[in-house]
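Quick caveat, the model's predicted, so the values are computed rather than measured.
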Amino acid sequence: QVQLEESGGRMVQAGGSLRLSCAASGITFSTPSMAWFRSIPGKERKFVAFISSNGGATDYVDSVKGRFTISRNNAGTMLYLQMNDLKPEDTGIYYCAGRRSPGIRRNWADYDSWGQGTGVTVSS
């Protein structure tokens, strides 16, 4: 079982930037694909970005394309989300997720491991 822990969330003004981090521990080789999801109260987690095990494939929800960048280190122990030009609608709890099987997936139910989340608030 992979353990995931997010950090880096805070309050920021619209137009600002944040970098979220997710530290992975445990059997990291069992989690080749990683993703970021966002949730707001009363809503299910929504897909934000995906990265494959070797970083060769990425996927983004349309609303963040050109503003967010997902990346990971070669060891597979760290996942990042660089968030630029933040907007109030980016507000939420951001979760990193791991998936043992390869392939791009946008459904939260396809992921095996989850962190506890880190909060991002973008003020207008």
Side-chain angles (χ1 to χ4, degrees):
Q1 184 71 27
V2 176
Q3 290 80 46
L4 304 173
E5 183 174 2
E6 304 91 338
S7 62
R10 61 178 175 86
M11 180 177 288
V12 64
Q13 288 191 329
S17 297
L18 279 178
R19 188 194 197 201
L20 304 184
S21 299
C22 174
S25 59
I27 309 174
T28 57
F29 66 80
S30 68
T31 310
S33 306
M34 303 287 289
W36 287 97
F37 285 77
R38 176 176 63 228
S39 75
I40 57 176
K43 302 287 186 180
E44 70 174 20
R45 297 176 187 183
K46 296 293 187 183
F47 171 79
V48 175
F50 165 93
I51 189 166
S52 62
S53 59
N54 63 2
T58 58
D59 185 33
Y60 299 90
V61 66
D62 285 347
S63 62
V64 308
K65 285 180 180 177
R67 300 188 297 121
F68 290 12
T69 302
I70 188 171
S71 63
R72 64 191 305 168
N73 67 350
N74 290 335
T77 56
M78 292 299 298
L79 178 72
Y80 305 101
L81 186 67
Q82 178 66 43
M83 310 162 69
N84 298 329
D85 189 23
L86 281 160
K87 305 176 185 299
E89 53 264 40
D90 296 322
T91 293
I93 305 297
Y94 283 74
Y95 298 88
C96 69
R99 171 178 161 78
R100 286 190 292 267
S101 301
I104 297 175
R105 292 292 187 274
R106 294 188 170 198
N107 190 331
W108 65 267
D110 290 327
Y111 289 79
D112 313 299
S113 302
W114 291 89
Q116 294 300 307
T118 186
V120 173
T121 301
V122 184
S123 61
S124 58

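Only one option out of Y94, F50, Y111 pairs with F37 in a side chain to side chain contact (heavy atoms under 4.5 Å, CB included); it is Y111.
Taking CD of E6 as the start and CD1 of I93 as the end, the distance is 9.5 Å to the nearest 0.5 Å. Once rounded to the nearest 0.5 Å, the distance linking CE of M34 with SG of C96 reads 5.0 Å. Rounding to the nearest 0.5 Å gives a distance of 9.5 Å between OG of S21 and CG of L81. Here the CG-CG distance, from L18 to N84, works out to 9.5 Å after rounding to the nearest 0.5 Å. To the nearest 0.5 Å, the span separating OG on S7 from CD on Q116 amounts to 13.5 Å. Between the OG atom of S39 and the NZ atom of K46 there is a distance of 11.0 Å, given to the nearest 0.5 Å.
At a threshold of 4.5 Å between non-hydrogen side-chain atoms, the residues I70 and L79 count as touching.
Closest approach of T91 to I40, counting heavy atoms only: O-CG2, 3.4 Å. For the pair G98 and L4, the tightest heavy-atom approach, listed with the atom from each and the gap, is N-CD1, 3.8 Å. Contact record, D90 with R38: O-CD, 3.4 Å, taken as the closest heavy-atom pair. Closest of all the heavy-atom pairs between D110 and R99 is O-NH1, 3.0 Å. Here the closest non-hydrogen pair linking R67 and L86 is NH1-CA, 3.9 Å. Annotation for P102 and S33: closest pair CA-OG, 3.7 Å, computed over non-hydrogen atoms.
Other residues, nucleotides and ligands contribute more than 12 heavy atoms inside 6.0 Å of the CD atom of E89. With a 6.0 Å radius and a threshold of 12 heavy atoms from other residues, nucleotides or ligands, Q82 has its CD atom above the threshold. More than 12 heavy atoms of other residues, nucleotides or ligands lie within 6.0 Å of CH2 in W114, so this atom counts as buried by the packing criterion. Under a cut-off of 6.0 angstrom, the local environment of CG in N107 is crowded, with over 12 non-hydrogen atoms contributed by other residues, nucleotides or ligands.
Cluster membership for Y80 and I51, using ILVMFWY side-chain heavy atoms within less than 4.5 angstrom, is not shared. In the hydrophobic clustering of this structure, M83 does not group with M78; members are Ile, Leu, Val, Met, Phe, Trp, Tyr whose side-chain heavy atoms approach within less than 4.5 Å, directly or through other members.
Judged by distance alone, the side chain of R106 and the main-chain N or O of F47 form no donor-acceptor pair under 3.5 Å. Panel note: side chain R72, backbone S52; a donor-acceptor pair is recorded below 3.5 Å.
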